[in-house]
Amino acid sequence: MSSTPETTPSLDFIRQIIVEDNKTGKHGGKVVTRFPPEPNGYLHIGHAKSICLNFGIARQFEGVCHLRFDDTNPTREDVEYVDSIQEDVHWLGFDWADKKFYASDYFEKLYQFAVELIRVGKAYVCDQTADEFKANRGTPTVPGKDSPYRNRSVDENLDLFGRMRKGEFADGSRTLRAKIDMASPNIHMRDPAIYRIRKAEHHRTGNQWCIYPMYDFAHCLSDSIEGITHSICTLEFEVHRPLYDWILDALKTPCHPQQIEFARLNLGYTVMSKRKLLQMVTEGNVSDWNDPRMPTIAGMRRRGYPPEAIRAFCEKVGVAKRENIIDMALLEYCVREELNKSAHRAMAVLHPIKVVLTNYPENQAEEFDAINNPEDPSAGTRKIPFSREIYIDQDDFKEVPPKKYFRLVPGGEVRLRYAYIIKCEKVVKNDQGEVVELHCTIDPGSKAGGPTSGRKIKGTIHWVSAPQAISAEVRLYDRMFTVEQPDADAEGRDFKTFLNPQSLVTLANCKLEPSLANAAPGTRFQFERLGYFNVDPVDSKPGKPVFNRTVTLRDAWAKIEQATHQS
RNA sequence: UGUCCGAUGGUGUAACGGUAGCACACAGCCCUUUGGAGGCUAUUGUCCUGGUUCGAAUCCAGGUCGGACAGCCA
């Protein structure tokens with residue numbers, strides 16, 4: 001097949017490997033990838049990169065991508081996570097068809113592989129305690145010492161391993177170890193444990209097993225069993241690759257997948273470790289895994305990020321082996337770009353101030369046509385009611401305007417979007433001197449099609465008719481988390497994390513145009529000039545929507561920040 | 001005095017011995033009864049030192065810096 005250079009984007013290094021493999025027929029021209037999460041937490045934006053990569057490559061090369069739960073540690077895993085992972089992968093727009101697997105499906109096969117490894121003299125049962133194990137492992141610069149149990153006979157190992165399975169030994173009393181080289185410069189090759197005793201209930205196999213395979217043993221063999229061609233994982237597994245290959249070679253498996261590592265995604269000022277995210281949840285810093293401030297897929301979905309935007313983001317960040325910290329602005333750009341195309345516009349007032357149009361008859365009512373989406377004419381129009389009393393945003397009126405302020409000022413004029421030009425005649429204040437109401441007059445001829453509709457007015461603001469307005473709660477979310485640089489604590493490598501105290505501001509009395517009353521949960525809108533919002537799928541009730549600020553419009557940051565901090 | 005991996009503007013990513021390009025961010029300008037969208041312009045980069053070559057981001061050597069690895073986690 002020939003491809004035109006103009007339409008062929010440059011391939012990342014993984015795709016280049018696959019193109020090369022296809023050329024040489026290394027895997028028979030097939031491409032089988034897998035996304036292998038451990039079900040011990042919710043998926044986050046970092047996983048999204050892996051998902052887009054693995055499913056994307058499969059799609060691009062007309063292969064398949066498996067979903068495999070790497071559930072080999074029963075003490076940390078839960079069906080809640082199994083369910084959420086599937087939901088999130090689907091929501092992102094990928095499908096594994098009937099290729100859903102569990103490492104736990106292979107427990108019997110893996111056991112037989114382990115027996116085989118013992119038979120060929122490449123594994124042994126070790127009676128060392130965890131502490132002894134550790135003490136004899138050495139360090140990166142000091143070689144380890146052989147276990148005294150290293151040269152047990154095959155028969156004895158077989159017997160002991162069988163009894164491990166039967167549950168005759170206590171947790172931690174023995175392990176099965178691969179017999180490699182305690183002096184290897186690569187610590188993972190120093191007779192790594194491949195089975196441990198863990199008398200714990202597994203979320204799928206129950207109490208059927210009391211020994212569980214370690215990652216290094218289970219992963220390569222699961223890949224091999226499934227006929228994976230390219231086992232794509234993150235950089236920290238690079239030093240595991242010799243072990244991955246050793247196990248498959250030792251067992252002479254017919255399928256030997258190729259492990260390829262890439263740099264995981266890091267977002268600036270964002271915590272991405274499952275451990276810390278779990279901590280956020282359990283300590284109540286956030287409402288749950290799907291809190292809109294969380295960098296989880298579920299959190300972003302609830303916040304209003306479209307799956308298309310996340311996919312575009314993963315595409316844009318690229319794939320390489322270099323450590324990276326992506327600017328959050330790129331993610332937000334991708335969200336805006338998608339939402340600009342797809343989100344309907346709506347009028348909303350977050351900090352309402354009442355405006356009485358003194359020359360507009362009390363009992364008069366009108367409707368104006370508003371465009372739903374200028375990007376998409378097929379989205380049509382809707383009717384917006386208009387009356388003598390309306391709300392505008394406090395921010396759209398300034399008693400003492402800064403320079404270049406084109407919105408409403410005392411004695412000044414401004415256009416109400418889709419409606420009339422109004423003039424501010426009087427400012428009503430309370431005892432504290434706060435502006436509580438404005439009295440304005442309309443130019444009756446200035447509505448669309450009117451004789452003075454063409455008048456040049458600098459500012460145009462949005463508004464909501466007071467009698468028909470619906471009141472709603474609007475939540476403004478700031479950047480999700482902040483991360484401190486590592487301090488010199490005991491570990492020397494941990495991060496201190498904390499929630500930005502400004503990360504959530506709730507505005508309880510926002511006035512929205514009536515069409516929003518029945519907006520379906522999850523629907524995304526652009527509140528003109530204020531940014532993109534979505535109807536919270538969790539807390540919204542019929543006729544009583546709650547909106548989350550998904551992301552602000554690009555130029556609106558400073559303004560919104562200011563407004564947020566004032567309130 | 002360990003093994004492995006990496007190093008291109010502020011951020012991320014291309015260029016596979018032949019003009020250092022793209023995107024985001026930033027700055028400025030234009031347009032708009034605002035679609036806070038769009039358009040235009042500009043600044044900023046090959047870790048260092050040598051070598052090979054007509055020519056090096058690319059190949060070689062040595063250094064520097066950064067990351068991963070010492071769970072019976074994945």
Side-chain angles (χ1 to χ4, degrees), chain A residues 9-13 16 36-38 40 70-73 75-77 103 126 128-130 133-134 137-144 171-177 184-190 192-198 211-212 214-216 218-219 233-242 261 263 265 268 274-275 313 315-334 336-337 340-341 345 371 373-375 406 414-421 446-448 453-462 526 528-531 552-557 559:
Chain A
S10 66
L11 261 29
D12 59 61
F13 79 100
Q16 284 179 27
E38 182 187 17
N40 67 344
D70 228 342
D71 55 351
T72 57
N73 184 353
T75 60
R76 326 195 322 164
E77 297 154 7
C126 179
Q128 285 183 317
T129 64
F133 193 122
K134 196 172 182 175
R137 182 170 35 216
T139 69
T141 52
V142 177
D171 280 15
S173 61
R174 287 175 219 263
T175 55
L176 183 69
R177 292 229 247 167
S184 170
N186 182 341
I187 290 180
H188 297 280
M189 299 299 270
R190 318 237 263 233
I194 56 177
Y195 263 91
R196 77 284 218 185
I197 301 170
R198 191 83 106 224
I211 57 171
Y212 292 92
M214 301 285 293
Y215 164 85
D216 284 308
H219 202 90
C233 63
T234 44
L235 238 33
E236 68 267 28
F237 294 105
E238 212 160 23
V239 284
H240 293 242
R241 178 152 31 95
E261 308 86 8
L265 169 71
K274 276 192 204 169
R275 196 197 94 227
F313 173 70
E315 189 64 36
K316 276 189 201 300
V317 297
V319 182
K321 298 188 77 159
R322 182 189 340 181
E323 298 289 336
N324 59 78
I325 301 176
I326 314 282
D327 193 335
M328 179 92 72
L330 181 62
L331 211 207
E332 295 182 338
Y333 165 82
C334 292
R336 272 187 236 109
E337 190 179 50
N340 184 41
K341 290 185 288 192
R345 314 294 121 125
I371 295 161
N373 187 350
E375 293 270 313
F406 295 134
V414 80
R415 174 174 291 280
L416 298 176
R417 175 89 164 120
Y418 298 121
Y420 299 95
I421 294 167
S446 62
K447 67 177 174 182
S453 67
R455 283 174 56 205
K456 194 78 177 170
I457 299 291
K458 281 248 170 77
T460 301
I461 63 173
H462 46 151
Q526 184 195 108
E528 315 219 12
R529 208 175 76 218
L530 297 173
T552 58
L553 295 169
R554 203 171 76 192
D555 297 347
W557 262 111
K559 193 176 302 173

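Reckoned from all heavy atoms, side chains included, excluding hydrogens, waters and symmetry mates. Keep in mind it's a predicted model, so treat the numbers as computed, not measured.
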When every non-hydrogen atom of Arg415(A) is compared with those of Ser446(A), the smallest separation belongs to NH1-O, 3.1 Å
Hey, which of Lys134(A), Arg177(A), Arg174(A) is the one that makes side chain to side chain donor-acceptor pair (under 3.5 Å) with Gln128(A)? Arg177(A)
What interatomic distance, in whole Å, is found between C1' of U43(B) and the corresponding atom of A25(B)? 13 Å
Can you check the Tyr195(A) OH to A74(B) P distance for me, whole Å? 12 Å
Review item, nucleotides 1-3 of chain B N/O atoms under 3.5 Å of protein N/O:
{"residue": "G2(B)", "atom": "N3", "partner": "Pro140(A)", "partner atom": "O", "Å": "3.1"}

Suppose we screen for side-chain hydrogen bond (donor to acceptor under 3.5 Å, both in side chains). Which residues come up paired with Ser173(A), at least two apart in sequence or across chains? none
Any chance you could measure Leu553(A), atom CG, to Glu528(A), atom CD, to the nearest 0.5 Å? 9.5 Å
With Pro242(A) via side-chain contact (heavy atoms from CB on, under 4.5 Å) - residues at least two apart: Asn186(A), Met189(A)
With sequence neighbours excluded, residues passing side-chain contact (heavy atoms from CB on, under 4.5 Å) with Val319(A): Asp12(A), Phe13(A), Ile14(A), Leu53(A), Phe262(A)
Using atom P in both nucleotides, what's the gap between U64(B) and C48(B) to the nearest angstrom? 15 Å
Can you name the salt bridge (Lys or Arg N to Asp or Glu O under 4.0 Å) partners of Glu236(A), sequence neighbours left out? Arg264(A)
Given RNA chain B, 5'-ward residue of the pair Glu236(A) and Glu375(A), judged by closest heavy atom: Glu375(A)
Output all residues satisfying salt bridge (Lys or Arg N to Asp or Glu O under 4.0 Å) with Arg241(A), sequence neighbours left out; order by chain, then residue number. Glu261(A)
What's the gap between G17(B) and C30(B) when it is taken at their C1' atoms, as a whole Å value? 44 Å
Salt bridge (Lys or Arg N to Asp or Glu O under 4.0 Å) partners for Arg455(A), two or more places apart: Glu413(A), Asp443(A)
side-chain contact (heavy atoms from CB on, under 4.5 Å) partners for Ala419(A), two or more places apart: Phe368(A), Phe386(A), Leu416(A), Trp463(A)
How close or far is atom C1' of A7(B) from atom CG of Leu235(A), stated in whole angstroms? 13 Å
Phe406(A) has an atom CZ; how far is it from atom P of C31(B), in whole Å? 12 Å
Look at all strands and tell whether Arg455(A) reaches a base, only sugar-phosphate, or nothing, counting heavy atoms closer than 4.0 Å. nothing
So what does Lys134(A) touch, heavy atoms closer than 4.0 Å: a base, only the sugar-phosphate, or nothing? sugar-phosphate
In whole angstroms, the gap separating P of G38(B) from CD of Gln526(A) amounts to 11 Å
Which whole number of Å gives the distance between the P atom of C16(B) and that of G21(B)? 14 Å
Provide the distance between the two C1' atoms, one in U58(B) and one in G67(B), to the nearest whole Å. 23 Å
By ring-ring contact (aromatic ring centres under 6.0 Å, His included), which residues pair with Tyr195(A), not counting sequence neighbours? Phe161(A), Phe217(A)
Quick check on C72(B): is either OP1 or OP2 less than 4.0 Å from any side-chain nitrogen or oxygen of Arg137(A)? yes
Separation of atom CE in Met189(A) from atom P in A70(B), rounded to whole Å: 15 Å
When the P atoms of U44(B) and G51(B) are compared, how many Å lie between them, rounded to an integer? 29 Å
Taken to the nearest whole Å, CE/Met328(A) to C1'/C26(B) is 18 Å
Determine the Euclidean distance between corresponding P atoms of A20(B) and C24(B); express it in Å to zero decimal places. 23 Å
Base, sugar-phosphate, or nothing for Phe237(A), non-hydrogen atoms under 4.0 angstrom? base
So Thr72(A), base contact, sugar-phosphate only, or nothing? Heavy-atom distance under 4.0 Å. sugar-phosphate
State the dot-bracket string of RNA chain B. Criteria: Watson-Crick or G-U wobble, both atom distances under 3.5 angstrom; notation: ( ) intrastrand, [ ] crossing earlier pairs, | interstrand, . unpaired. .((((((..((((....[..))))..((((.......)))).....(((((..]....))))))))))).....
Nearest 0.5 Å please: distance from the CZ atom of Arg198(A) over to the CD1 atom of Ile211(A). 12.5 Å
Examine the base of A68(B) for any acceptor or donor lying under 3.5 Å from a partner atom in the side chain of His188(A), and report the outcome as yes or no. no
Mind checking side-chain contact (heavy atoms from CB on, under 4.5 Å) for Ile187(A) and listing every partner two or more places apart, or none if nothing turns up? Arg137(A), Pro140(A), Arg190(A)
With a 4.0 Å cut-off on heavy atoms, is His219(A) in touch with a base, just the backbone sugar-phosphate, or nothing at all? nothing
Where do N or O atoms of nucleotides 10-17 of chain B meet protein N or O atoms at under 3.5 Å, pair by pair?
{"residue": "U11(B)", "atom": "O3'", "partner": "Ile325(A)", "partner atom": "O", "Å": "3.2"}
{"residue": "U11(B)", "atom": "O2'", "partner": "Ile325(A)", "partner atom": "O", "Å": "3.1"}
{"residue": "G12(B)", "atom": "OP1", "partner": "Ile325(A)", "partner atom": "N", "Å": "3.0"}
{"residue": "G12(B)", "atom": "O2'", "partner": "Val317(A)", "partner atom": "O", "Å": "2.9"}
{"residue": "U13(B)", "atom": "OP2", "partner": "Arg322(A)", "partner atom": "NE", "Å": "3.3"}
{"residue": "A14(B)", "atom": "OP1", "partner": "Val319(A)", "partner atom": "O", "Å": "3.4"}
{"residue": "C16(B)", "atom": "N3", "partner": "Gln16(A)", "partner atom": "OE1", "Å": "3.4"}
{"residue": "C16(B)", "atom": "N4", "partner": "Gln16(A)", "partner atom": "OE1", "Å": "2.9"}
{"residue": "C16(B)", "atom": "N4", "partner": "Gln16(A)", "partner atom": "NE2", "Å": "2.5"}

Arg196(A) CZ to G71(B) P: how many Å, rounded? 14 Å
Nearest-Å distance, OH (Tyr215(A)) to P (C69(B))? 13 Å
Considering every strand and a 4.0 Å limit on heavy-atom distances, what is the contact class for Glu337(A): base, sugar-phosphate, or nothing? nothing
Would you mind classifying the nucleic acid contact of Gly459(A) as base, sugar-phosphate or nothing, using non-hydrogen atoms under 4.0 angstrom? base
Does G71(B) adopt a syn or an anti glycosidic conformation, taking syn as a chi angle within 90° of 0? syn
Give a yes/no on whether any side-chain N or O of Arg345(A) is located under 4.0 angstrom from OP1 or OP2 of A37(B). no
With heavy atoms under 4.0 Å as the rule, sort Ser446(A) into base, sugar-phosphate or nothing. nothing
Using atom P in both nucleotides, what's the gap between U11(B) and G66(B) to the nearest angstrom? 16 Å
What contact category does Glu38(A) fall into here, base, sugar-phosphate, or nothing, at under 4.0 angstrom with non-hydrogen atoms? sugar-phosphate
Heavy-atom side-chain contact between Leu265(A) and Ile326(A) under 4.5 Å: yes
When we call it a touch if two heavy atoms are under 4.0 Å apart, what does Tyr333(A) touch: a base, just sugar-phosphate, or nothing? sugar-phosphate
